Chemist: 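Got a structure here, written out as structure tokens. Questions coming.
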Amino acid sequence: MTIRLFFSPASPFVRKVMVCAHERGLASEIEKLPSAAWPVKRDESIVRHNASGKVPCALLEDDTPVFDSRVICAYVDSLASSSGSLYPQGARRFPVLTLEALADSVLDAALLCRYESVLRPKEFFWVDWYRGQMEKIDSGLDALESKWFSEISVDFHAGAIAAACALGYLDFRFADKDWRSARPQLAQWFSKVSERPSMMATLPHT
């Protein structure tokens with residue numbers, strides 16, 4: 001089954017979906033649709049299917065929409081014919097889902113920082129707002145380094161994929177942010193998983 005996906009090469013949430021597709025051997029089933037999703041001027045071709053106008057948004061063969069990234073990732077995982085899953089069953093299922101949510105919250109804050117620094121007119125730049133979002137990023141990374149590291153390092157499941165995409169986005173958009181020095185375990189883990197074919201094939205670009 002071919003899945004049409006409103007695609008942006010810079011979106012970390014789109015990257016999540018594509019990494020999942022590669023990991024489950026379904027990347028060739030993804031048809032990338034052009035998109036111009038932007039918080040100020042929305043892409044009406046996306047809005048017709050997803051009222052938020054955000055990417056990623058997937059369309060099934062009958063035009064049924066599937067969104068957001070967490071739902072699409074789970075859907076892609078469900079289509080794979082190979083054994084295994086990015087979403088473990090039993091006792092580990094909800095820790096993985098919670099880890100994915102934590103990584104997504106880091107991404108949400110990073111995107112708000114990006115919009116504040118790039119989109120907002122300089123005379124209206126809100127320093128406290130930017131700092132507050134950065135604090136969310138830092139506390140999320142601290143949690144990945146400590147409380148959640150045992151879960152993130154077990155397997156490259158959906159939660160780990162989300163974390164890897166979050167760290168990749170920080171390197172992509174906030175290259176001057178030194179998140180590694182205080183988080184050596186996380187830095188070493190990210191260096192290792194970045195060598196996976198799925199991560200190499202989905203590097204963000206403008």
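These numbers were taken from a predicted model, which means no experiment stands behind them.
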Chemist: Answer yes when K16 and D68 have at least one side-chain N-carboxylate O distance shorter than 4.0 Å, and no when they do not.
Modeler: no
Chemist: Hey, is the main chain of E145 close enough, under 3.5 Å, to the side chain of R183 for a donor-acceptor pair?
Modeler: no
Chemist: Between H157 (side chain only) and E151 (backbone N and O only), is there a donor and an acceptor less than 3.5 Å apart?
Modeler: yes
Chemist: Please work out whether the ring planes of F156 and W189 are parallel, tilted or perpendicular, with thresholds of 30° and 60°.
Modeler: tilted
Chemist: One thing to verify: whether R48 and D63 come together as a salt bridge, which I'm taking to mean a side-chain N less than 4.0 angstrom from a carboxylate O.
Modeler: no
Chemist: Is V154 reachable from V19 through a run of hydrophobic residues whose side-chain heavy atoms are each under 4.5 Å from the next?
Modeler: no
Chemist: Would you check if L99 and L144 make a side-chain contact, meaning some heavy-atom pair closer than 4.5 Å?
Modeler: yes
Chemist: Within this structure, what is the CZ-CG distance for the pair R131 and D128, rounded to the nearest 0.5 Å?
Modeler: 5.0 Å
Chemist: Is there a path of hydrophobic side-chain contacts, each under 4.5 Å between heavy atoms of I/L/V/M/F/W/Y residues, joining I72 to L111?
Modeler: no
Chemist: Would you mind reporting whether W148 and T98 have side-chain heavy atoms less than 4.5 Å apart?
Modeler: yes
Chemist: Is the closest side-chain heavy-atom distance between L167 and L141 below 4.5 Å?
Modeler: yes
Chemist: Would you confirm whether Q89, through its side chain, and Y87, through its main-chain N or O, come within 3.5 Å as a donor-acceptor pair?
Modeler: yes
Chemist: Do side-chain atoms of D77 reach the backbone of L86 as a donor and acceptor pair under 3.5 angstrom?
Modeler: yes
Chemist: Just by modelled atom types, is the L60 backbone N or O under 3.5 Å from a matching donor or acceptor in the R4 side chain?
Modeler: yes
Chemist: Check whether any side-chain heavy atom of S45 lies under 4.5 Å from a side-chain heavy atom of F6, and answer yes or no.
Modeler: yes
Chemist: Do E23 and S198 get their side chains close enough for a donor-acceptor pair, meaning under 3.5 Å?
Modeler: yes
Chemist: Any donor-acceptor pair under 3.5 Å linking the side chain of S191 with the backbone of Q188?
Modeler: no
Chemist: Would you indicate whether the side-chain heavy atoms of L79 and I3 approach each other to under 4.5 Å?
Modeler: yes
Chemist: Output yes when a side-chain donor or acceptor of R24 lies under 3.5 Å from a complementary backbone atom of C73, and no otherwise.
Modeler: no
Chemist: Give me the ring orientation class for W38 and Y115: parallel if the planes are under 30° apart, tilted from 30 to 60°, perpendicular past 60°.
Modeler: perpendicular
Chemist: What heavy-atom pair brings D104 and R70 nearest, and what distance separates the two atoms?
Modeler: OD2-NE, 3.1 Å
